[in-house]
Amino acid sequence: MTSTDPTGSHHLRSSSSRPMPVASWNSLAPEAPSQRRVRLAILDDHEVLLDSLSSWINVNAYDFDLVLTAHTWLQLVHSDNFPTDLVFLDFQLKEPVSIEARVRTCRAAGAKVVVLSSLDTRESRERALEAGASAFLSKALPMREVMDAARQVMGVARDNAPQRDWRPLPVGAANQSRPKLSAGEAEAFRLYVSGFSTNEVAQQMNVQYETAKTYLRRVREKYAKANRPASKKAELIRRAAEDGYLQ
């Protein structure tokens, strides 16, 4: 599911690469709690990340009904299931429709909006929130925290159920060895599979581009030595899901 935090602990980060304790919220007050499931849509043009987000929500967020996933803006708004109660919008969608237009269209249709972004800056937060988004969240945030933020937006009681395995492992995966990663390698791995580019990983970690590139190369090499393919990003995301780095 983008870019694929969906992990150890991802942290919501500001543009200065220092952890932020909370997400960015609009001044909208949450609605009264509802007993019915929240109808949810997700728009993200990173297909692997979109699949990962969808899989996690379907298994772990039983109080949300994921009725629509879309790779393009037109696919979202033309769906028979649109509008939904809540829409997760990718801020960095590679389409000419601005984030302001997308947020306002969803709001006009009656849907609340949570904007997800792989690169958190003051300008992007302000643009999303001023357009009417209820929250602006980093894609580096753990999925449980993303969904708790969504519950707060929708006025739904927090889910305290233990997190379950959100995706079945391939046959024999339980017996596969998990490479031992250094702290830097693990952090770069988590950020990269959550949708950050290598350059953005370097910015988030406050290291040089070549350092971030080396961390990711070592991650791939260690998985290759364990006979677990990880040369492609999609393969890395699968390894992250199998080993608990994508949550």
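- Looking at E145, its side chain never comes within 3.5 Å of a backbone N or O of P142 through a donor-acceptor pair.
- When every heavy atom of L86 is checked against every heavy atom of V114, the shortest pair comes out as CD1-CG2, 3.9 Å.
- For the atom pair L66 CG and W56 CH2, the distance stands at 12.5 Å (nearest 0.5 Å).
- Within the 3.5 Å criterion, the main-chain N or O of Q75 finds no donor-acceptor partner in the side chain of S79.
- Within the structure, salt bridge (charged side-chain N to carboxylate O under 4.0 Å, His left out) contacts touching residues 91-103 (residues at least two apart or in different chains) are E100-R127.
- Checking H71, K139, Q92 one by one against D44, the side chain to side chain donor-acceptor pair (under 3.5 Å) holds for a single residue, K139.
- The minimum heavy-atom distance between N81 and T84, with the atom names listed, is O-CG2, 3.4 Å.
- A donor-acceptor pair under 3.5 Å links the side-chain atoms of R107 to the main chain of A111, judged by distance alone.
- Rounded to the nearest 0.5 angstrom, T198 OG1 and L216 CG are separated by 5.5 Å.
- For the atom pair CZ of F91 and OG of S138, the computed distance is 13.0 Å after rounding to the nearest 0.5 Å.
- Considering Q204, Q203, M205 as possible partners of V201, the one that fulfils the side-chain contact (heavy atoms from CB on, under 4.5 Å) test is M205.
- In this structure, R36 does not pair ionically with D65, as no charged nitrogen and carboxylate oxygen lie closer than 4.0 Å.
- Rounded to the nearest 0.5 angstrom, S117 OG and L93 CG are separated by 11.5 Å.
- Taking all atoms of both residues into account, the shortest heavy-atom contact from A133 to V115 is CB-CG2, 3.8 Å.
- Taking 4.5 Å as the limit, some side-chain heavy atom of L43 sits within range of a side-chain heavy atom of L89.
- Looking at R37, its side chain never comes within 3.5 Å of a backbone N or O of D63 through a donor-acceptor pair.
- Closest approach of V103 and A128 over heavy atoms only: CG1-O, 4.4 Å.
- Residues Y209 and F196 do not share a hydrophobic cluster, clusters being chains of Ile/Leu/Val/Met/Phe/Trp/Tyr side chains in contact below 4.5 Å.
- Across all their heavy atoms, T69 and S54 have their closest contact at CG2-OG, 3.3 Å.
- Shown are R190, K180, K222; of these, the salt bridge (charged side-chain N to carboxylate O under 4.0 Å, His left out) with E185 is made only by K222.
- Counting only heavy atoms from C-beta outward, the side chains of Y192 and V219 never approach each other to under 4.5 Å.
- With rounding to the nearest 0.5 Å, the separation of CD in E130 from CZ in R104 is 9.0 Å.
- Annotation: side chain of S134 is not in contact with side chain of M154 (no heavy-atom distance under 4.5 Å).
- For F189 and Y223, the ring centers sit closer than 6.0 Å to each other.
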**Report entry** Worked verdict on I42 versus I57 for side chain to side chain contact (heavy atoms under 4.5 Å, CB included)
**Finding:** CA-CA 11 Å; I42 305 177; I57 291 169; 3.7 Å; yes
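- Annotation: salt bridge (charged side-chain N to carboxylate O under 4.0 Å, His left out) contacts involving residues 197-220, sequence neighbours excluded, comprise R217-E221.
- For the residue pair A70 and L76, the shortest heavy atom distance occurs at CB-N, 3.7 Å.
- Atom CZ of F64 and atom CG of L40 lie 6.5 Å apart (nearest 0.5 Å).
- The backbone N or O of R39 lies less than 3.5 Å from a partner atom in the side chain of D85, making a donor-acceptor pair.
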